[in-house]
Colleague: 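This structure is in structure tokens; I'll ask about it shortly.
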Amino acid sequence: MASITLQNLVKKFGETVTAVAGVDLDVSDGEFMVVVGPSGCGKTTTLNMISGFEEPTSGTMLIGDRVVNHLEPGDRGLGMVFQDLALFPHMTVFENIAFGLRVDKIVDTEVKERVSKVATTMKISHLLSKKPAQCSGGEAQRVALARTIITQPQVLLMDEPLSSLDAKLRIEMRTELKRLHEELKSTFVYVTHDQAEAMTMADRIMVMDRGYVQQIDTPLGIYRKPTNQFVGTFFGQPTMNIIPGRVENGGSPKFVSEHFEMSFAADAIPGSSIGKEINLGVRSENVSIGDEGAAAEVRLIEPLGDETLVFFSCGNEEFLVAKVDAEREFSPGNQIRFGFLPGGMHFFDVESGVRLE
């Protein structure tokens, strides 16, 4: 096992394209770090630099206390799992898993012992005599993981390994990966664009956008206190409600938008937002529907089984969404009143998107 340290890591392609712009990151020994962001944000390029497949333009990378900038991928003590599993179709599952050990000229008795052990860990012992084409998507994913961890890498790097699986298998494999991490106690760095994967698996998350690190925190830290509007809207399903408006202080502070206004207690609004044009962010679970508040009309209902999403508008075409208990019944055209829970409001600067405190 080993820690990973990235110091002002930069990757440029040509003179004009900066894929990664000065990443600083410390991954502790045994930590499950997830790097998340939209396509083109620099997350895979960062992973490729750690693995040695890309050479950084500048900056320093350490694995443990060893600088690895100019080491070949095979000399870094890493294991990698990609979206493309790249299993050998003509080999059995046993031989696919054993391939790295064969390359290292490990004796047959040890190969059999280690393959048996890792197959038991990954719950694929019954597949060892099959070919990859005879395995389901989830089984093939387990084979690829087994092939990687059997070489006992210090660090396991994963680049969107679940993105080709269907929704049910992805949920199952998320659980398997978390279990595997708890069992191996290895350092995991996992790249994904899926915020649900990041939230459910990570010890900590690094959020990237356009090559820059936006926030590094625990999953709940990012969800509850996003550092800017990009992070706030990237996490959460449905997307955080964003409402442009102005904070005024006429005795008690109130938020005034184009279509409604709402008063709050003084401690519910950051002092730096008073008198400013801001964007108010509120997650759907922090929108209340009751007898008081601003008037609105229900436009759309999405039942989810245990809860319901209620989409409504306040005299305009922009919808807000509230998450309510499934036992509460609403229909399009219902007149309602809504408010925001004080602890669930986020205030963002209009120009920079930075969170106001």
Side-chain angles (χ1 to χ4, degrees), residues 1-6 9 23 25-36 43-54 61-66 68 71-87 93 96-101 103-104 106 114-115 117-124 138-165 170 172-194 197-206 216 219:
M1 294 187 288
S3 60
I4 299 174
T5 304
L6 308 181
L9 198 64
V23 169
L25 176 65
D26 291 302
V27 183
S28 302
D29 188 5
E31 185 174 18
F32 198 135
M33 173 66 70
V34 174
V35 184
V36 67
K43 57 188 185 294
T44 294
T45 302
T46 300
L47 196 76
N48 286 342
M49 287 190 284
I50 297 172
S51 68
F53 295 149
E54 292 279 0
M61 299 180 293
L62 295 93
I63 296 177
D65 56 1
R66 180 174 62 158
V68 298
L71 290 182
E72 292 297 318
D75 298 327
R76 299 190 182 196
L78 305 173
M80 289 202 69
V81 180
F82 299 94
Q83 178 181 352
D84 182 359
L85 303 180
L87 298 174
V93 167
N96 267 281
I97 297 172
F99 181 79
L101 302 182
V103 171
D104 291 338
I106 304 297
R114 287 170 65 174
V115 170
K117 183 177 179 180
V118 76
T120 300
T121 298
M122 296 306 301
K123 301 178 182 178
I124 53 173
E139 290 170 342
Q141 187 67 68
R142 288 184 175 90
V143 174
L145 283 165
R147 181 184 59 184
T148 301
I149 65 176
I150 199 171
T151 58
Q152 301 171 341
Q154 300 178 68
V155 177
L156 188 59
L157 308 179
M158 290 171 278
D159 188 8
E160 305 207 44
L162 309 184
S163 59
S164 61
L165 303 181
R170 289 180 76 163
E172 290 178 2
M173 284 305 301
R174 290 204 306 250
T175 304
E176 284 297 312
L177 284 173
K178 193 67 176 176
R179 181 190 63 82
L180 182 64
H181 177 255
E182 291 295 324
E183 185 168 326
L184 297 178
K185 306 296 182 185
S186 298
T187 305
F188 280 27
V189 180
Y190 185 102
V191 162
T192 182
H193 65 275
D194 188 327
E197 286 182 10
M199 290 290 294
T200 54
M201 292 193 295
D203 293 325
R204 286 191 302 151
I205 298 171
M206 179 170 77
I216 302 174

Colleague: For Gln152, give me all partners under side chain to side chain contact (heavy atoms under 4.5 Å, CB included), at least two apart in sequence or on another chain.
Modeller: Arg114
Colleague: Has Glu72 got more than 12 heavy atoms of other residues, nucleotides or ligands less than 6.0 Å from its CD?
Modeller: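 At most 12 heavy atoms, drawn from other residues, nucleotides or ligands, come within 6.0 Å of this atom.
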Colleague: Mind listing the closest non-hydrogen atom pair of Gln141 and Val81 along with its distance?
Modeller: NE2-CG1, 3.6 Å
Colleague: Keeping Asp203 on the side-chain end and Met33 on the backbone end, is there a donor-acceptor pair under 3.5 Å?
Modeller: no
Colleague: Which heavy-atom pair separates Arg142 from Met122 by the least distance, and what is that distance?
Modeller: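 Closest approach of Arg142 to Met122, heavy atoms only: CD-O, 3.1 Å.
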Colleague: Counting C-beta onward and ignoring hydrogens, is there a side-chain heavy-atom pair between Leu87 and Arg147 closer than 4.5 Å?
Modeller: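 Counting from C-beta outward, Leu87 and Arg147 do come under 4.5 Å.
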Colleague: Are Thr192 and Met201 side-chain neighbours, meaning at least one heavy-atom pair lies under 4.5 Å?
Modeller: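 Sidechains of Met201 and Thr192: no contact.
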Colleague: Does the side chain of Leu78 reach to within under 4.5 Å of the side chain of Ile63, using non-hydrogen atoms?
Modeller: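 Leu78 vs Ile63: side chains touch.
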Colleague: Identify the heavy atoms of Ser186 and Pro153 that sit nearest to each other, and give their distance.
Modeller: OG-O, 4.5 Å
Colleague: Please report the interatomic distance CD(Glu139) to CE(Met173), rounded to the nearest 0.5 Å.
Modeller: 10.5 Å
Colleague: Measure the spacing between CZ of Arg170 and CG of Asp194 and express it to the nearest 0.5 Å.
Modeller: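 Rounded to the nearest 0.5 Å, the CZ-CG separation comes to 4.5 Å.
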Colleague: Within the structure provided, determine whether Arg204 and Ile216 are in side-chain contact (heavy-atom separation under 4.5 Å).
Modeller: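 Side-chain contact under 4.5 Å: yes.
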Colleague: Please report the shortest heavy-atom distance between Val155 and Ala2, naming the atom on each side.
Modeller: CG2-O, 4.0 Å
Colleague: Report yes if some heavy atom in the side chain of His193 is under 4.5 Å from a heavy atom in the side chain of Lys43; otherwise report no.
Modeller: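 A side-chain contact exists here, since the closest heavy-atom pair is under 4.5 Å.
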Colleague: To the nearest 0.5 Å, what is the distance between CG on Leu180 and CG on Leu145?
Modeller: 6.5 Å
Colleague: In this structure, are over 12 heavy atoms from other groups packed under 6.0 Å from Asp104 atom CG?
Modeller: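 More than 12 within 6.0 Å, yes.
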Colleague: Specify whether His181 and Phe188 have parallel, tilted or perpendicular ring planes, treating 30° as the upper limit for parallel and 60° as the lower limit for perpendicular.
Modeller: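 Ring orientation, 0 to 90° scale: perpendicular.
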Colleague: For Glu176, is there an ion pair with Arg179 - N to carboxylate O distance below 4.0 angstrom?
Modeller: yes
Colleague: May I ask you to test the Leu6-Met49 pair for a side-chain heavy-atom distance under 4.5 Å?
Modeller: no
Colleague: Supply the atom-to-atom distance Met80 CE to Asp159 CG, rounded to the nearest 0.5 angstrom.
Modeller: 6.0 Å
Colleague: With Tyr190, which of Leu156, Leu177, Val35 fulfils side-chain contact (heavy atoms from CB on, under 4.5 Å)?
Modeller: Leu177
Colleague: Taking all non-hydrogen atoms of both residues into account, name the closest pair between Ala146 and Ile124 and its distance.
Modeller: CB-CD1, 4.0 Å
Colleague: In the structure I gave you, are the side-chain heavy atoms of Leu162 and Arg174 within less than 4.5 Å of one another anywhere?
Modeller: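 Touching, per the 4.5 Å side-chain cut-off.
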Colleague: Atom OG1 of Thr151 and atom CZ of Phe99: how far apart are they, to the nearest 0.5 Å?
Modeller: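 Going from the OG1 atom of Thr151 to the CZ atom of Phe99 covers 12.0 Å.
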Colleague: Rounded to the nearest 0.5 Å, how far apart are CG of Leu184 and CD1 of Ile149?
Modeller: 5.0 Å
Colleague: Compare all side-chain heavy atoms of Val23 with those of Met206 and state whether any distance is below 4.5 angstrom.
Modeller: yes
Colleague: Would you say the side-chain atoms of Thr187 pair up with the backbone N or O of Gly30, donor to acceptor, closer than 3.5 Å?
Modeller: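 Yes: the side chain of Thr187 pairs with the backbone of Gly30.
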